[in-house]
Amino acid sequence: MTTPPPTAQPAAPERRTCGLDRSRSCRRLRRLGAILATVFVAATLFGGTIAHADEMGTLTEAQYSNAAGTRHYFLYTPPGDVAGRPLLVWLHGCMVRGFTDEEQLAGLRPDPTDNDMLAVARERNMVVVFPIQTPASNLLGCWNFTDDANQHRDAGEPSIIAGITETVRTQLNLDPSRTYIIGHSAGALMATIMAAAYPDIYTAISVWCGGAYRFGTDLTGRAAFNEMGPRARPMPVLLVEDATDPKSPPLIGRLALGQWLGTDQLALGQDTPLPNPVSVQRHNPDPDSGFDDARTLETYQLGPVQVQLLTLDDGGHELTGNGTGALWQTIDFLLQYQRP
């Protein structure tokens, strides 16, 4: 009797891992993995709502509370592991027609994927947090920078913004030496307060269409220096103003410049006349770089840091036609500095 040949067993399916495979399917798998990991981290750490997530990054909505109150914030994390990356805090201005939409107030509408701030953050590997003012605190969504209760360390809105900053930085294990803040309009005046009240947290700042400390009344810089207290140090600052701005005319920018020059001199132990600029550069319109109009950049050197004033020829309070260029220039200015 003839023994039948053994039945051929089907070959075990080849186990394939992507590794360094650059195929389209593996690239998609890696992007999906990065999105899911970022969503998991954001939802776990902050208990927030995922407002948007794709291969461009994740936008999370959360809130922070302390004795001074509660504020919502949006958190943008670019793709991949964010540990050790810098943190940028963006402080919005007022909403002229009334406070109706938090995402719009933060500048994240109509489409968060088509947003200059997030595009720059992805390119420069930064995490961005957008604290939001509440209608209960200000009907126009303005930060209450005019109130003495909101102009000092460990009090009022500054304590909330600092709390949001430190919560995000700690929980995402971001670089504590690279924490920056940009503010526009009312947010610019609050950014100045934050730099004076928390120079141990914020490495460098940029003030867009804003003013000097204490609602523009600190003309010598001494009040901001006094607010710094034992933490005083020279603060790198880029001020952005527009020559046609009816809400924050060039004189207000000049006063803010004088304040920061004075504050930094005092932090350096110098009580002397304000310095002259080390350079004044005139630039022509450059749409490819995000500047539809000409501009002038003044640079002042104060020990290890610079204070700069960028004055745009046109664009008004919203820096129309020049916002993209101003943002890229601001981010590159800030990233030059690491806090000791």
Side-chain angles (χ1 to χ4, degrees), residues 27-28 30-32 34-35 37-39 41-42 48 50-62 73-93 101-132 165 168-169 172 174-175 178-185 187-188 191 203-209 238 240 242 283 285-293 295 310 312 315 318-337:
R27 290 200 305 271
R28 288 177 177 172
R30 278 191 285 267
R31 283 199 299 267
L32 178 60
I35 294 168
T38 306
V39 168
V41 168
I50 305 301
H52 182 89
D54 62 15
E55 68 271 14
M56 308 295 278
T58 300
L59 190 65
T60 309
E61 183 181 1
Y73 62 91
F74 291 96
L75 173 67
Y76 171 74
T77 50
D81 183 8
V82 299
R85 295 191 187 188
L87 172 63
L88 174 66
V89 180
W90 169 260
L91 296 180
H92 61 75
D101 189 312
E102 289 187 346
E103 289 190 31
Q104 185 178 354
L105 191 61
L108 295 171
R109 290 178 64 85
D111 181 3
T113 65
D114 183 23
N115 178 280
D116 284 343
M117 180 67 74
L118 304 192
V120 175
R122 284 191 295 273
E123 182 69 22
R124 296 291 187 262
N125 293 316
M126 305 180 77
V127 172
V128 187
V129 63
F130 304 81
I132 303 296
T165 302
V168 170
R169 184 191 63 76
L172 291 181
L174 303 175
D175 186 349
R178 296 187 295 164
T179 303
Y180 311 103
I181 190 163
I182 303 174
H184 176 254
S185 193
T203 307
I205 71 164
S206 185
V207 176
W208 290 18
C209 307
L238 172 60
V240 180
D242 188 276
H283 298 277
D286 184 4
D288 291 340
S289 297
F291 290 104
D292 287 352
D293 300 291
R295 61 207 183 278
L310 176 65
L312 306 167
E318 301 302 326
L319 309 183
T320 304
N322 300 292
T324 299
L327 179 59
W328 282 97
Q329 186 163 333
T330 295
I331 295 298
D332 288 341
F333 172 86
L334 298 176
L335 286 174
Q336 296 178 83
Y337 295 98

A.B. asks: Quick one: closest heavy-atom pair of Tyr73 and Pro131, and the distance?
C.D. replies: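 In this case the closest contact between Tyr73 and Pro131 is CB-CA, 3.8 Å.
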
A.B. asks: Can you list the residues that meet the salt bridge (Lys or Arg N to Asp or Glu O under 4.0 Å) rule with Asp175, with sequence neighbours excluded?
C.D. replies: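 Residues passing salt bridge (Lys or Arg N to Asp or Glu O under 4.0 Å) with Asp175: Arg178.
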
A.B. asks: With the side chain counted from C-beta on, respond yes when His283 and Phe291 share a heavy-atom pair under 4.5 Å apart, and no when they do not.
C.D. replies: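 No; the side chains remain at least 4.5 Å from each other.
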
A.B. asks: Does the side chain of Asp292 come within less than 4.5 Å of Pro287's, by heavy atoms?
C.D. replies: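 When only atoms from C-beta onward are counted, Asp292 and Pro287 do touch, with a gap below 4.5 Å.
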
A.B. asks: By salt bridge (Lys or Arg N to Asp or Glu O under 4.0 Å), which residues pair with Asp286, not counting sequence neighbours?
C.D. replies: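 By the salt bridge (Lys or Arg N to Asp or Glu O under 4.0 Å) rule, Asp286 matches no residue at all.
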
A.B. asks: Please report the interatomic distance CE(Met117) to CZ(Phe130), rounded to the nearest 0.5 Å.
C.D. replies: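 Rounded to the nearest 0.5 Å, the CE-CZ separation comes to 5.5 Å.
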
A.B. asks: Starting at CG of Leu88, measure out to OG1 of Thr203 and round the result to the nearest 0.5 Å.
C.D. replies: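 Spacing of CG (Leu88) from OG1 (Thr203) equals 11.0 Å.
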
A.B. asks: Taking only residues two or more places apart in sequence or in another chain, which ones pass side-chain hydrogen bond (donor to acceptor under 3.5 Å, both in side chains) with Tyr180?
C.D. replies: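 With neighbours one apart ignored, the set is empty.
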
A.B. asks: Looking at CD of Glu61 and CD1 of Ile132, how far apart are the two atoms once the value is rounded to the nearest 0.5 Å?
C.D. replies: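 If I round to the nearest 0.5 Å, the distance is 8.5 Å.
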
A.B. asks: Just to verify, what does Asp293 make a side-chain hydrogen bond (donor to acceptor under 3.5 Å, both in side chains) with, not counting sequence neighbours?
C.D. replies: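 If we apply the side-chain hydrogen bond (donor to acceptor under 3.5 Å, both in side chains) test to Asp293, skipping adjacent residues, the hits are Asn322.
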
A.B. asks: What distance do Thr58 atom OG1 and Leu118 atom CG have between them, rounded to the nearest 0.5 Å?
C.D. replies: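 Nearest 0.5 Å value for the OG1-CG distance: 11.0 Å.
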
A.B. asks: Minimum heavy-atom separation for Ala191 and Ile205, please, with both atom names.
C.D. replies: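 Closest pair (atom of Ala191, atom of Ile205, distance): O-CD1, 4.1 Å.
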
A.B. asks: Taking side-chain contact (heavy atoms from CB on, under 4.5 Å) as the test, write out the residues that go with Thr330, two or more places apart.
C.D. replies: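 side-chain contact (heavy atoms from CB on, under 4.5 Å) check on Thr330 returns Ile182, Ser206, Trp208, Leu238, Val240, Leu334.
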
A.B. asks: Do Ile331 and Met126 make a side-chain contact, defined as non-hydrogen atoms from C-beta onward lying under 4.5 Å apart?
C.D. replies: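 Yes; the side chains approach each other to less than 4.5 Å.
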
A.B. asks: Minimum heavy-atom separation for Ser185 to Gly93, with atom names?
C.D. replies: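 Closest approach of Ser185 to Gly93: CB-CA, 4.2 Å.
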
A.B. asks: Looking at Gln336 and Phe333, would you say the former's side chain and the latter's main chain have a donor-acceptor pair under 3.5 Å?
C.D. replies: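 Looks like yes, one N/O pair under 3.5 Å.
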
A.B. asks: Roughly how far apart are Leu87 CG and Thr165 OG1, rounded to 0.5 Å?
C.D. replies: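 OG1 of Thr165 is found 6.0 Å from CG of Leu87.
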
A.B. asks: Minimum heavy-atom separation for Cys209 to Ala188, with atom names?
C.D. replies: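 The pair with the smallest heavy-atom distance is C-CB, 4.4 Å.
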
A.B. asks: What is the distance from atom OH of Tyr76 to atom CE of Met56, rounded to the nearest 0.5 Å?
C.D. replies: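 Rounded to the nearest 0.5 Å, the OH-CE separation comes out at 7.0 Å.
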
A.B. asks: Evaluate the side-chain proximity of Pro78 to Arg85: yes if any heavy-atom separation is below 4.5 Å, no if none is.
C.D. replies: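 Heavy-atom side-chain distance check passes, below 4.5 Å.
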
A.B. asks: Asp81: what forms a side-chain hydrogen bond (donor to acceptor under 3.5 Å, both in side chains) with it, not counting sequence neighbours?
C.D. replies: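 Counting only residues at least two positions away or on another chain, Asp81 forms no side-chain hydrogen bond (donor to acceptor under 3.5 Å, both in side chains).
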
